[in-house]
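In what follows, a single structure is set out as structure tokens and then discussed.
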Amino acid sequence: MARAASAPGTRGEARLAGAERLRARLRAPGRRGALWGGGGGSGGGGLGLGRVAFRAGAMAFWAALSPSIVEYFEGEDFYRCGYCKNESGSRSNGMWAHSMTVQDYQDLIDRGWRRSGKYVYKPVMNQTCCPQYTIRCRPLQFQPSKSHKKVLKKMLKFLAKGEISRGNCEDEPMEPAMEDAVAGDFGLINKLDIQCDLKTLSDDLKESLESEEKKKGKSSKKEESNELSRSQDIEEKLGSGEPSHSVKVHTAPKPGKGADLSKPPCRKAKEIRKERKRLKLMQQNPDGELGGLQARREPSFCPPKAKSNQPKSLEDLIFESLPENASHKLEVRVVRSSPPSSQFKATFQESYQVYKRYQMVIHKDPPDKPTVSQFTRFLCNSPLEAENPPNGPDCGYGSFHQQYWLDGKIIAVGVIDILPYCVSSVYLYYDPDYSFLSLGVYSALREIAFTRQLHEKTSQLNYYYMGFYIHSCPKMKYKGQYRPSDLLCPETYVWVPIEQCLPSLENSKYCRFNQDPQAVDEGRSQEPDRLQVLYKKVVMPYGVYRKQQKDPSEEAAVLQYARLVGQACSERMLLFRS
């Protein structure tokens, strides 16, 4: 599901000029950092702070707020679409997220945004050739379909007996690369990738943090060691995602050569149940027919009917216990990718090799294209700040890799974000040798089950976001098969059941799903002057910042940003302006 764009596109001279301006700021003499770096002397950076005072102030500010810091780039030109391959049909707006809280990203994806590495983008829905609607599944009500059950049973047979079904693998969804999906931004992303990284920009802050760590001495090392072992315990505990209970696997009988004439003919299950019921009634009431009539009239005479033919739950199908002599062992481990945990670091190379092979075999990339830097930039780097509140999931919130280990080696990796209200699926790549296991479908079902597991402790976490649903792209319509699910209205940002949306999408690529013509975007920006701006190391409301600016295009860009992110995010996130 990942293919690098063959040639990075551009978003227009204005946006590339913005990247060049950023690069120039970084290279300017005396600039230690565009965001936090201080100039020499008491007048450095126009704040009237000495270097030491600024470091302390920056640390206190960062520790107290841990805000989202973004740099917005408005979309102007059309570029190549990664779905329909139209050379100039796609259009989106984007911003580089230096850092981002999980709550801000949750609110952004609920307004149609999505991240690719640290780049966060939002399609211009009424202008792009392939409108991309945010889709979410409701895992608490989810029941696997027949095709989903086939995939789960295929995996169980493979694990239990080593059976390989190399039949139809068309249920394996193939999604264009996120690089393709935002191809027009990649010239910009590549220029911003290193320069825009806060760790690079904030030399002063970094030095200050390092000095603080040294002051803590051995006591902090002990705490760190305890925290590391605790996080490893959590990762191991959460890794398999398996519940404590187990269900005995029912092995299929060996195939025979026909009916056994020495045995009585088979009877229908319905007839057998009727016979059993009749015998029970006769035992309770020797009067026979009269007793049976009395039993039907008097419920107390008949034991409560046991529930039969109940469909197996998703967990029953996934976590059926295997026989002791099972051919294979599958384990799923959840490891934090940003900041990278010790387990993530230890398995980085193996994980990357799976990605590289996936790119070369599935997407026909040349060997030199799926580089370590590309892999890191798009699948490991994340702007999301790790958060571990006491009422949150054991693993915390943020960005993770869900590693699928088969007999001691990684065969697939699902990249996910765990947010306050959902698990958001970012990406999947796998070893092509195991394509016959339909790992795209299998991993989605595992992620749905994982969401349900997290919900048990964190009750508000009850959705599974599958990225974008693109009705006009046949290979992307598979997401609609995970029901019940909802699509996000691109105008009012309310969720509408997909069944209500499909008839409209058959008639038009772009649709407003909210049927109320009077409904408006409730979270829209209504007070842009309250938008928070980070300008020359000072945080200020946009109303104050606006008085210092004379460029009319500056105001248009800021107001567009406010409209797209909404009032709540515009007041919490810091919009970096040069």
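All values below come from the heavy atoms of this structure, side chains included, with hydrogens, waters and symmetry mates left out.
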Could you check whether Glu499 pairs with Arg483 (Lys NZ or Arg NE/NH1/NH2 to Asp/Glu carboxylate O, under 4.0 Å)? yes

Taking NZ, NE, NH1 and NH2 as the nitrogens, is one of them in Asp433 or Arg357 under 4.0 Å from a carboxylate oxygen of the other? yes

Out of curiosity, [X] [atom1] to [Y] [atom2], how far, rounded to the nearest 0.5 Å?
X	Y	atom1	atom2	result
Arg91	Met125	CZ	CE	14.5 Å
Ser485	Ile498	OG	CD1	4.0 Å
Leu461	Gln453	CG	CD	11.5 Å
His98	Phe576	NE2	CZ	6.0 Å
Thr101	Leu384	OG1	CG	8.5 Å
Leu406	Asp431	CG	CG	9.5 Å

Where [X] and [Y] come nearest, the two heavy atoms and their spacing:
X	Y	value
Asn86	Cys129	CB-SG, 4.3 Å
Pro497	Asp486	CA-OD1, 3.4 Å
Leu156	Glu320	CD1-OE2, 3.4 Å
Leu505	Leu487	CD1-CD1, 4.0 Å
Lys356	Pro367	CE-O, 3.3 Å
Gly396	Asn388	CA-OD1, 3.3 Å

Test item: side-chain donor near acceptor, [X] and [Y], under 3.5 Å:
X	Y	result
Asp407	His328	yes
Tyr510	Gln127	no
Gln374	Tyr355	yes
Ser382	Ser338	no
His471	Glu506	yes
Gln481	Ser145	no
Tyr397	Gln106	no
Ser90	Tyr83	no

I'd like to know if the side chain of [X] reaches the main chain of [Y], judged simply by a donor and an acceptor atom lying under 3.5 Å from each other, with no hydrogens or angles considered.
X	Y	answer
Ser337	Ser399	yes
Thr347	Gln343	yes
Ser443	Leu439	yes
Lys157	Gly162	no
Thr492	Cys489	no
Lys479	Met466	yes

Please work out whether the ring planes of Phe344 and Phe348 are parallel, tilted or perpendicular, with thresholds of 30° and 60°.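 Because their plane-to-plane angle is over 60°, the rings of Phe344 and Phe348 count as perpendicular.
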
Look at the rings of Trp96 and Tyr119 and say which category their plane angle falls in: under 30° parallel, 30 to 60° tilted, over 60° perpendicular.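 Rings of Trp96 and Tyr119: tilted, 30 to 60°.
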
Is the distance between the ring centroids of Tyr482 and Tyr464 under 6.0 Å? no

Do the two ring centres, one from Phe513 and one from Tyr133, sit under 6.0 Å apart?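 Yes: the rings meet the under 6.0 Å criterion.
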
With side chain to side chain contact (heavy atoms under 4.5 Å, CB included) as the criterion, how do Lys85 and Arg80 come out once you've worked through the C-alpha distance, each side chain's angles and the decisive distance to 0.1 Å? CA-CA 6 Å; Lys85 311 306 178 186; Arg80 184 178 185 273; 3.4 Å; yes

Min side-chain heavy-atom separation [X]-[Y] under 4.5 Å:
X	Y	value
Leu454	Ile418	yes
Leu108	Leu564	no
Leu317	Lys149	yes

Kindly determine whether Glu447 and Ile416 satisfy side chain to side chain contact (heavy atoms under 4.5 Å, CB included), including the steps that lead there. CA-CA 9 Å; Glu447 288 170 8; Ile416 59 173; 3.7 Å; yes

Test Asp110 against every option in Tyr105, Tyr465, Tyr421, Tyr463 by the side chain to side chain donor-acceptor pair (under 3.5 Å) rule and name the one that passes.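 With Asp110 as partner, side chain to side chain donor-acceptor pair (under 3.5 Å) holds for just one option, Tyr465.
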
Could you give me the CA-CA distance, side-chain angles and deciding distance for Ser438 and Lys154, then say whether side chain to side chain contact (heavy atoms under 4.5 Å, CB included) is met? CA-CA 9 Å; Ser438 301; Lys154 178 166 57 176; 2.9 Å; yes

Set out, in order, the CA-CA distance, both residues' side-chain angles and the distance that settles side chain to side chain contact (heavy atoms under 4.5 Å, CB included) for Trp405 and Leu330, then state yes or no. CA-CA 6 Å; Trp405 289 77; Leu330 179 68; 5.9 Å; no

Scan Arg336, Arg114, Arg115 and name whichever one has a salt bridge (Lys or Arg N to Asp or Glu O under 4.0 Å) with Asp417. Arg115

Lys457 atom NZ, over 12 foreign heavy atoms within 6.0 Å: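 Correct, the count exceeds 12.
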
